[in-house]
Amino acid sequence: MHPLLSYAIRRFSSYLLTLYIAISVTFLLFRLIPGDPLGAYISNLESMGEYIEAEEAKKIIEEYKKAFGLEGDLFTQYVSFLKELILHGNLGPSIISFPTPAQNLILERLPWTIGLLGLSTLIAWILGILMGCLLGWLRDTKLDKVLTPLALGFSQIPYYLTAIFLVLLFAYYIKVLPSGGAYSPYLTPGLYWDFILSVIRHGILPALSLILTSVAGWALSTRFLVITILAEDYLHFAEAKGLKGTRIFKRYILRNSLLPQITGLAISLSFMIGGQIVLETIFSYPGIGQLFALAMGLLDYSIANGVLILIIFTALTANLILDLIYPLIDPRVRYVE
């Protein structure tokens, strides 16, 4: 068998096995959490003024057990869950918005999370790489001695503290940006300028809170890589040939520091699908993180399980794609075990 084909088969087989184990673990995890989701659902209905008699509640619970896949023992539920997921891509109905399928609610929230976190991650990555390369190239200068400690300090600040500070500063004191939401409640979602500008204004603060903390982390890791690269023999050879500093920076330092950081970017982008629960809660942003927090509060297994499966799937798929294409990015990598 061709080494490339053998390598791809091994990677793909490992990917499928890991995906199956991870999905099985998430299923068991939520079933073992203490609590009665259907009892919580009935209590929620009663709290909204819908009084339900005991006998009627029992009948409702029995019907809902069938609908939510909670009928029978744990193994029966597991087989039914895998069958629906694999054959139909169905996670079951949502307790939060019964009888809407859980995957529909997740797909409705997904674009908001991707738009906010995806763009923020890319901006932070680009700025962090450029800043880190510059600090590594200009190491031990005044600029490095000032910016590196600042980056180290920012990298240790949790993003949610940065978010709270930005909300207090720009939404309550200066009052130039909205404090929460994804767009103005007076607008109808659509592709027109007023709505687009409203989405941008509402996304500035949550995006900025992520960018400020993430840029520092990318910059520090890139600076360390650049300092390591500067000690390589091929760089000394390039300097000995009399190449210009700008050419060495672009062709040798920047390009070589990008290779390991691409892996980090792919992993960051895959995990951002799950959203940022605290951030989306602070800004009341309608993303996956806020949906997951709501699902956990109401013991909505379908949505919570679906969100975790989505995170696992994107993370494993991103790693699989990197494993398959990384030898094309870096010719030093070979398809060997």
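This chain uses plain numbering: 1 for the first residue, then up along the sequence.
- Each of L316, I321, N319 was checked for a side-chain contact (heavy atoms from CB on, under 4.5 Å) with Y15, and the lone residue meeting it is L316.
- No donor-acceptor pair under 3.5 Å is formed between the side chain of R201 and the backbone N or O of I196.
- With sequence neighbours excluded, no residue satisfies side chain to side chain donor-acceptor pair (under 3.5 Å) with S184.
- S214 is not listed as a side-chain neighbour of T121, based on a closest heavy-atom distance of 4.5 Å or more.
- At least one side-chain heavy atom of L210 sits less than 4.5 Å from a side-chain heavy atom of L279.
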Does I23 form a side chain to side chain contact (heavy atoms under 4.5 Å, CB included) with F81? I'd like the steps, not just the answer. CA-CA 10 Å; I23 290 174; F81 167 76; 3.9 Å; yes
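- No donor-acceptor pair closer than 3.5 Å links the side chain of S13 to the backbone N or O of R10.
- When all heavy atoms of A151 and M131 are compared, the closest pair comes out as CB-CE, 4.3 Å.
- T162 pairs by the side chain to side chain donor-acceptor pair (under 3.5 Å) definition with nothing, not counting sequence neighbours.
- Considering all non-hydrogen atoms of both residues, S120 and I211 come closest at O-CG1, 3.6 Å.
- P158 meets the side-chain contact (heavy atoms from CB on, under 4.5 Å) test with Y160, L161; sequence neighbours excluded.
- Once rounded to the nearest 0.5 Å, the distance linking OG of S179 with CG of L166 reads 12.5 Å.
- Hydrophobic cluster membership is shared by L308 and L107, with clusters built from Ile, Leu, Val, Met, Phe, Trp and Tyr side chains linked at under 4.5 angstrom.
- Rounding to the nearest 0.5 Å gives a distance of 6.0 Å between CG of L310 and CG of L110.
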Would L87 and L82 count as a side chain to side chain contact (heavy atoms under 4.5 Å, CB included) here? Give the steps. CA-CA 8 Å; L87 297 181; L82 283 183; over 6 Å; no
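- Evaluation of the side chain to side chain donor-acceptor pair (under 3.5 Å) rule for T222 yields Q261 as partners, not counting sequence neighbours.
- If you chain together hydrophobic residues whose side chains sit under 4.5 Å apart, Y20 and F12 fall into the same group.
- In this view, N104 satisfies the side chain to side chain donor-acceptor pair (under 3.5 Å) rule with no residue, not counting sequence neighbours.
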Mind running side chain to side chain contact (heavy atoms under 4.5 Å, CB included) on L91 and I106 for me, showing each step along the way? CA-CA 10 Å; L91 294 166; I106 293 174; 4.0 Å; yes
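- Remark: F313 pairs with no residue by the ring-ring contact (aromatic ring centres under 6.0 Å, His included) rule, at least two apart or across chains.
- Note that the CD1 atom of I282 and the OG atom of S209 stand 7.5 Å from one another [nearest 0.5 Å].
- For the pair S221 (side chain) and W218 (backbone), a donor-acceptor distance under 3.5 Å is present.
- With sequence neighbours excluded, the residues forming a side-chain contact (heavy atoms from CB on, under 4.5 Å) with L169 are F165, I174, listed by chain and number.
- Every side-chain contact (heavy atoms from CB on, under 4.5 Å) that F154 has, sequence neighbours left out, goes to I157, A216.
- Follow the hydrophobic side-chain contacts under 4.5 Å out from L116 and you reach L187 in the same cluster.
- Every residue was checked against the ring-ring contact (aromatic ring centres under 6.0 Å, His included) condition with F224, not counting sequence neighbours, and none meets it.
- For residues 166-200, the pairs satisfying ring-ring contact (aromatic ring centres under 6.0 Å, His included) are W112-Y183, Y183-F195, with sequence neighbours left out.
- Neither I21 nor F75 shares a network with the other; the hydrophobic side chains, linked directly or stepwise wherever heavy atoms of I, L, V, M, F, W or Y lie under 4.5 Å apart, form separate groups for each.
- Once rounded to the nearest 0.5 Å, the distance linking CG of N305 with CG of L29 reads 8.5 Å.
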Verdict with reasoning, L143 to L134, per side chain to side chain contact (heavy atoms under 4.5 Å, CB included): CA-CA 9 Å; L143 182 66; L134 184 63; 4.2 Å; yes
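- Listed by first and then second residue, the side chain to side chain donor-acceptor pair (under 3.5 Å) pairs involving residues 282-292 are R109-Q290 (not counting sequence neighbours).
- Considering CG of L205 and CD1 of I164, their distance stands at 12.5 Å, rounded to 0.5 Å.
- Note that OG1 of T113 and CG of L291 are 9.0 Å apart. Values are rounded to the nearest 0.5 Å.
- Within the structure, every pair that satisfies the side chain to side chain donor-acceptor pair (under 3.5 Å) test and touches residues 146-159, not counting sequence neighbours, is listed here: D144-T148, T148-R223, Y159-Q276.
- When hydrophobic clusters are built by joining Ile, Leu, Val, Met, Phe, Trp and Tyr residues whose side-chain heavy atoms come closer than 4.5 Å, directly or via intermediates, V146 is not grouped with L220.
- By the 4.5 Å heavy-atom criterion applied to side chains, F292 and I303 are not counted as neighbours.
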